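Note: hydrogens, waters and symmetry copies are ignored here, and every other heavy atom, side chains too, is used. Throughout, numbering of the chain's residues begins at 1 and tracks the sequence. All values reported here derive from a predicted model rather than from experimental measurement.
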Amino acid sequence: MGTQVSEAGRFPRLSGSANANADWMSALCSRLWDVPLHHLSIPGSHDTMTYCLNKKSPISKKESRLLRILAKTLPCITQPLVLKWSVTQELSVTEQLDAGVRYLDLRIAHMLQGSEKNLHFVHMLYTSALVEDTLTEISEWLERHPQEVVILACRNFEGMTPELHEYLVSCIQNIFGDMLCPRGKMPTLRQLWAQGQQVILSYDDECTMNRHRELWPAIPYWWGDRVQPEKLVHYLEHMESCGRPGGLFVAGINLTENLEYILAHPSRSLRKLTLPNLPYLSAWIREQSPGSGPQCTNIIAGDFVGADTFVNDVIRLNEKLLGC
C-alpha cells in the first residue's frame with residue numbers, strides 16, 4: 001500500500017489507497033462468514049472522534065479545576081498543550097471506515113453551553129462534532145457498504161442525565177433503525193447479512209442498556225496506561241495469560257502519557273510518542289491469533305490508525321483462522 005509523508009513531514013500516512021479495505025468483511029473467505037464476531041480479528045480506533053479537536057475546543061468539566069483555570073487565564077499556553085496530548089486520530093470517521101476500522105470508540109458528553117440536548121464527544125477537550133451528525137455519517141457510510149458491520153462503543157457519558165440517555169437512544173434508533181442488531185447470542189457475518197443488520201452498539205450505562213434490546217453491554221477494553229511500548233506489550237501479554245473475556249473485547253495498543261513524561265518532554269505530543277513506536281507494536285499484532293482460544297485476540301484498537309500497517313495487520317490475522 002502506498003504512503004505519503006504526513007503534515008509533519010516525518011511519519012508515513014496512508015495515501016488515497018486507504019479505502020482498499022472499505023469492504024474487507026465481505027471480501028473475507030466464505031468460511032469466515034460463519035465465525036462469530038467475537039472470534040474474528042477486527043481493527044478499531046481508540047478515541048475515534050479526537051480528529052476534530054482544535055485550539056478553541058473547551059476543556060472538559062471533568063478535568064482538574066487547576067487546568068480549567070489555566071485554560072481561562074493562559075489559554076495561549078494551556079490550550080495547545082492539552083490539544084497535542086488529546087488528539088489520537090487524524091482520519092475522519094468516514095476515512096477510518098474506508099481504511100477498514102470497524103470498532104469505533106465514541107466517548108459522549110453533554111456540554112452545558114448550547115442547547116439542552118447538546119451532545120458532543122470528549123477526550124480532555126470537547127469536540128466540535130455533534131453526536132447526532134456523526135451517527136448519521138456512519139449510517140450513510142453503511143448504506144454505501146451494505147455488507148460491512150461496525151461495532152460502536154458508546155461510553156463515558158459525561159454530564160448525561162437519564163433523560164439525555166433516553167434522548168440519545170431515540171437518536172440511535174431513528175438513525176440506524178433496522179441496521180441495529182438486537183442483544184443476544186453473538187452473530188456471524190452471514191447471520192447479520194441475512195437480517196440486513198450492520199451495527200452492534202454497546203452502551204456503557206447498564207440501566208439504559210437493560211431497557212433497550214438494541215443495546216449491548218459495555219465491551220471490555222484492555223488499557224495498559226503505559227508510556228513505553230515494551231511495558232504495554234508486557235501488560236497485554238499478562239492479560240492474555242489470564243484468559244480472554246467471553247464476548248467482544250478490545251486489546252488497546254495505545255500508549256498513554258503521564259504528567260512526569262509531559263514535563264520531561266515539553267516539545268513532544270501524543271503523535272510524536274506514538275508513531276515511532278508503531279512498527280514495534282505492529283510486530284506484536286502480527287504474532288496474535290483470533291479465535292475461541294483463551295489467549296486469542298478479537299478487536300485491536302490503536303491511535304493514528306491511518307499510519308503504518310496497523311489496519312492491514314489486524315485484518316490479515318483472520319487468515320490464521322483458515323489453518324493455512
Side-chain angles (χ1 to χ4, degrees), residues 13-14 16-26 42-54 56-57 86-111 114-115 117-123 125-158 160 164-165 167-181 192 196-204 214-216 219 250 299 301-307 310-311:
R13 177 177 173 176
L14 294 178
S17 61
N19 62 3
N21 289 325
D23 296 288
W24 70 264
M25 286 181 155
S26 59
I42 299 171
S45 59
H46 165 251
D47 268 308
T48 299
M49 296 304 298
T50 55
Y51 63 86
C52 54
L53 294 174
N54 57 56
K56 295 183 179 179
S57 298
S86 300
V87 174
T88 66
Q89 305 297 339
E90 293 180 336
L91 300 183
S92 71
V93 69
T94 292
E95 290 171 332
Q96 291 180 40
L97 291 168
D98 281 340
V101 169
R102 294 294 177 268
Y103 165 90
L104 302 179
D105 176 15
L106 305 177
R107 306 189 184 197
I108 297 171
H110 174 243
M111 288 178 60
S115 69
K117 296 175 180 177
N118 198 21
L119 299 183
H120 293 253
F121 301 96
V122 66
H123 182 226
L125 303 167
Y126 297 114
T127 68
S128 55
L130 294 173
V131 171
E132 192 169 353
D133 292 343
T134 300
L135 296 180
T136 300
E137 184 178 349
I138 295 169
S139 174
E140 291 173 348
W141 187 91
L142 289 169
E143 289 176 355
R144 298 192 298 271
H145 302 269
Q147 288 190 296
E148 295 303 297
V149 174
V150 297
I151 300 162
L152 307 182
C154 294
R155 57 197 191 117
N156 190 276
F157 299 128
E158 177 188 326
M160 294 279 285
L164 282 171
H165 278 292
Y167 168 72
L168 176 56
V169 172
S170 70
C171 289
I172 290 168
Q173 293 168 332
N174 290 335
I175 290 169
F176 292 112
D178 293 338
M179 288 182 181
L180 291 165
C181 174
L192 290 167
Q197 296 165 350
Q198 295 179 265
V199 179
I200 301 284
L201 196 142
S202 80
Y203 202 90
D204 196 5
E214 303 94 335
L215 307 180
W216 291 67
I219 297 173
V250 183
I299 301 165
D303 293 335
F304 305 102
V305 294
F310 166 73
V311 173

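Under the rule for a side-chain contact (heavy atoms from CB on, under 4.5 Å), the partners of Gln96 that lie at least two apart in sequence or sit in another chain are Ser45, Thr48, Tyr51, Gln89, Leu91, Val101, Leu104, Val305. Contacts of Asp23 classified as side-chain contact (heavy atoms from CB on, under 4.5 Å), with partners at least two apart in sequence or in another chain: Ser26, His145, Glu148. Every residue meeting the salt bridge (Lys or Arg N to Asp or Glu O under 4.0 Å) condition with Arg155, not counting sequence neighbours, appears here in chain and number order: Asp105. For the ring pair (Phe, Tyr, Trp, His ring centres under 6.0 Å) test, residues two or more places apart in sequence or in another chain that qualify with Phe157 are His165, Tyr203. Not counting sequence neighbours, the partners of Asp47 by the salt bridge (Lys or Arg N to Asp or Glu O under 4.0 Å) test are Arg107. Evaluation of the ring pair (Phe, Tyr, Trp, His ring centres under 6.0 Å) rule for Tyr103 yields no partner, not counting sequence neighbours.
In this structure, the side chains of Ile108 and Asn156 stay at 4.5 Å or more apart for every pair of heavy atoms. The shortest side-chain heavy-atom distance between Trp24 and Val311 does not fall under the 4.5 Å cut-off. For the pair Leu192/Gln198, no side-chain contact is recorded, criterion being any heavy-atom separation below 4.5 Å from C-beta on. Between Val131 and Met49 the shortest side-chain heavy-atom distance does not fall below 4.5 Å. Counting heavy atoms from C-beta outward, Leu130 and Asn118 have side chains that approach closer than 4.5 Å. The closest side-chain heavy-atom distance from Ile172 to Glu214 is not below 4.5 Å.
The minimum heavy-atom distance between Val149 and Arg102, with the atom names listed, is O-CD, 3.1 Å. Of all heavy-atom pairs spanning Ala129 and Cys52, the tightest one is CB-SG, 3.6 Å. Across all non-hydrogen atoms, the minimal contact from Gly100 to Pro43 is O-CG, 3.2 Å. Between Tyr126 and Ala109, the shortest heavy-atom contact is CE2-CB, 3.8 Å.
For Asp133, the CG atom counts as densely surrounded, since its 6.0 Å shell holds more than 12 non-hydrogen atoms of other residues, nucleotides or ligands.
Here the CE-OH distance, from Met160 to Tyr167, works out to 10.0 Å after rounding to the nearest 0.5 Å. In this structure, NZ in Lys56 is found 14.5 Å from CG in Leu125, a value given to the nearest 0.5 Å. Rounding to the nearest 0.5 Å gives a distance of 9.0 Å between NE2 of His123 and CG of Leu53. Here the CG atom belonging to Leu201 is positioned 8.5 Å from the CD1 atom belonging to Ile219, to the nearest 0.5 angstrom. The CG atom of Leu97 lies 9.0 Å from the CZ atom of Arg144; values are rounded to the nearest 0.5 Å. To the nearest 0.5 Å, the span separating CG on Leu119 from SG on Cys154 amounts to 10.5 Å.
For the pair Thr136 (side chain) and Glu132 (backbone), a donor-acceptor distance under 3.5 Å is present. A side-chain donor-acceptor contact under 3.5 Å links Trp216 to the backbone of Cys181. A side-chain donor-acceptor contact under 3.5 Å links Thr127 to the backbone of Phe121. Looking at His46, its side chain never comes within 3.5 Å of a backbone N or O of Asp303 through a donor-acceptor pair.
Each of Ile200, Thr134, Ile138 was scored for a side-chain contact (heavy atoms from CB on, under 4.5 Å) with Leu152, with one residue passing: Ile138.
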